[in-house]
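Heavy atoms only: backbone and side chains are in, while hydrogens, waters and symmetry mates are out.
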Amino acid sequence: MTKPLLNKSIPSKFPLYSVSFPSKTKFCYMKVLFCLLCMAFYSVSPAQKKQNSEAINSDSILLSKTKYRLVGPFRGGRSAAVCGDYRQKNTFYFGATGGGVWKTIDGGSNWKNISDKYFGSSIGAVTIAPSDPTILYVGQGENTIRGNVSEGFGIWRTDDGGRSWRNLGLKDTRHIVRIIVHPKNPDIVWVAALGHLFGNNEERGIYKTTDGGKTWRRVLYSDAGSGAADLVMEPGNPQVFYAGTWTVKRTPYSLESGGSGSALWKSVDGGETWTKLNDKKGFPGKTTLGIIGVAVAPSNPERVYAIVESEKGGLLRSDDAGETWTNVSTDQNIRQRAWYYSKIFVDPKNAEIVYALNVQLWKSTDGGKTWKNINTPHGDHHDLWIDPEDGYRMIVADDGGAQVSFDGGNNWSTYQNQPTAQFYRVSTDNHFPYRILGA
């Protein structure tokens, strides 16, 4: 028999016995080990087997009676998707980046989760059908692409106000950032999808359905490394759309924003075909472009705003539906950390009143030339919905959840009633009674 040799190169749970044997000897040892294991297994007495079985059954019974309960905290976590009911003025919705979809019917005093048992986690878009408020569409995958960004699994629809849901596909888009529903037909929908963040993929861009989500067609595609970052419809006119595409790559250690796939687009045939606006007069299309947010003034559809990430970017304004542009503001308050914000909104009755989302919520009353901060309960703002019939009624999404205002932002509901805070670690200590610790 060959003498065993110490093999230091192979890790072992018992390093002193980490040895190497010739194959024939190794096979003999394996047979002996197998026989010993069999003997140990069959040597267990029937009484011992019964005792083990009873222990397993008692554990199962104990755990079957165990129920989870909410221990808090009642504090809002990050949200990037909000909308309000067009008819029920106290009803609003928000999507949490880590807690599903929530609904209030009392203006933000109380919130209830309506997506549990169907889907949850990361939400990038929430939209109500204007013609039927019982129909909602929700897109998964947060649109705030931080280093700890979370993905989603496509788009969902409810026909009963959130009591039940069904998935409509687009699962590989991973991040749906905007959903537009036809003002009169709830089965015609447009979706802006950002796609994979860590690498190229094909399922990204603008998608359209005319059968309520049974089938989808991709109607705008920039390239495999660029997805749709924003999408708006000219209010009341489902023929005219503007979309921003964005070349972006996020890794655990880096963010690459900007490239040839970043562009501002326009469609005048319901999203079937698109024209790139990068080369229009006054638009900084000859420089490297990053993320682009866009908005159309409901009171004057010729007035279009675009907030553009670029060395020569800023807030651009067009008064001829995108044919020519003027850079009206390079204020860093509305441009900082562009990849995290870059969303713009317009008052429904006054084209000069503009809202820009950033660390703070900013408002302009002179068409974007100057800005004034609006005090809100929390910082880092990611979405805003304004009632098309009442510019004072709105809901904002930020890193503290969602808050409702009925007076144009002078007063807001609280975020201390939304148990959506994001925990990165959770533990307990040795205190009696024990304390729960969370980061």
**Student:** Run the side chain to side chain contact (heavy atoms under 4.5 Å, CB included) test against Ser121 and tell me which residues pass, sequence neighbours left out.
**Tutor:**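 For Ser121 there are no side chain to side chain contact (heavy atoms under 4.5 Å, CB included) partners, ignoring immediate neighbours.
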**Student:** Less than 4.0 Å between a side-chain N and a carboxylate O, is that true for Lys363 and Asp347?
**Tutor:**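 Salt bridge absent between Asp347 and Lys363.
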**Student:** Does the side chain of Lys65 reach to within under 4.5 Å of the side chain of Leu63, using non-hydrogen atoms?
**Tutor:**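 Contact flag for Lys65/Leu63 side chains = no.
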**Student:** Does the pair Asp383/Lys343 count as a salt bridge with the N-to-O cut at 4.0 Å?
**Tutor:**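 Salt bridge absent between Asp383 and Lys343.
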**Student:** Are the side chains of Ile386 and Pro348 in touch, meaning some heavy atoms are under 4.5 Å apart?
**Tutor:**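 Counting from C-beta outward, Ile386 and Pro348 do come under 4.5 Å.
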**Student:** Under 6.0 Å between ring centres, would you say that holds for His382 and Tyr341?
**Tutor:**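 So the answer is yes for these two rings.
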**Student:** Name the one of Tyr415, Phe92, Phe94 that satisfies ring-ring contact (aromatic ring centres under 6.0 Å, His included) with Trp111?
**Tutor:**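 So, applying the ring-ring contact (aromatic ring centres under 6.0 Å, His included) to Trp111 and each of Tyr415, Phe92, Phe94, only Phe94 qualifies.
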**Student:** Going by distance alone, is a donor N or O of one side chain under 3.5 Å from an acceptor N or O of the other, for Ser257 and Trp246?
**Tutor:**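 Yes - a donor-acceptor pair under 3.5 Å links their side chains.
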**Student:** Looking at Arg87 and Glu389, is there a salt bridge between them, counting it only when a charged N and a carboxylate O are closer than 4.0 Å?
**Tutor:**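 Arg87 and Glu389: not salt-bridged.
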**Student:** Between Glu142 and Arg78, does at least one N-O distance fall below 4.0 Å, as a salt bridge requires?
**Tutor:**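 Judged by the 4.0 Å cut-off on N to carboxylate O distance, Glu142 and Arg78 do form a salt bridge.
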**Student:** Would you call the rings of Phe241 and Trp190 parallel, tilted or perpendicular, taking 30° and 60° as the class edges?
**Tutor:**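 Judged by the thresholds at 30° and 60°, the geometry between Phe241 and Trp190 is tilted.
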**Student:** I'd like to know if Glu323 and Lys281 make a salt bridge, using a cut-off of under 4.0 Å between side-chain N and carboxylate O.
**Tutor:**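 No, no charged N to carboxylate O under 4.0 Å.
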**Student:** So, for Phe119 and Trp156, is the gap between ring centers shorter than 6.0 Å?
**Tutor:**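 Under 6.0 Å, so yes.
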**Student:** Is Arg204 salt-bridged to Asp172, cutoff N-O under 4.0 Å?
**Tutor:**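 Looking at Arg204 and Asp172, the cut-off is not met.
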**Student:** I'd like to know if Arg250 and Glu256 make a salt bridge, using a cut-off of under 4.0 Å between side-chain N and carboxylate O.
**Tutor:**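 Looking at Arg250 and Glu256, the cut-off is not met.
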**Student:** Using a strict cut-off of less than 4.0 Å between a Lys/Arg side-chain nitrogen and an Asp/Glu carboxylate oxygen, indicate whether Lys89 and Asp390 qualify as a salt bridge.
**Tutor:**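 Answer for the salt bridge query: no.
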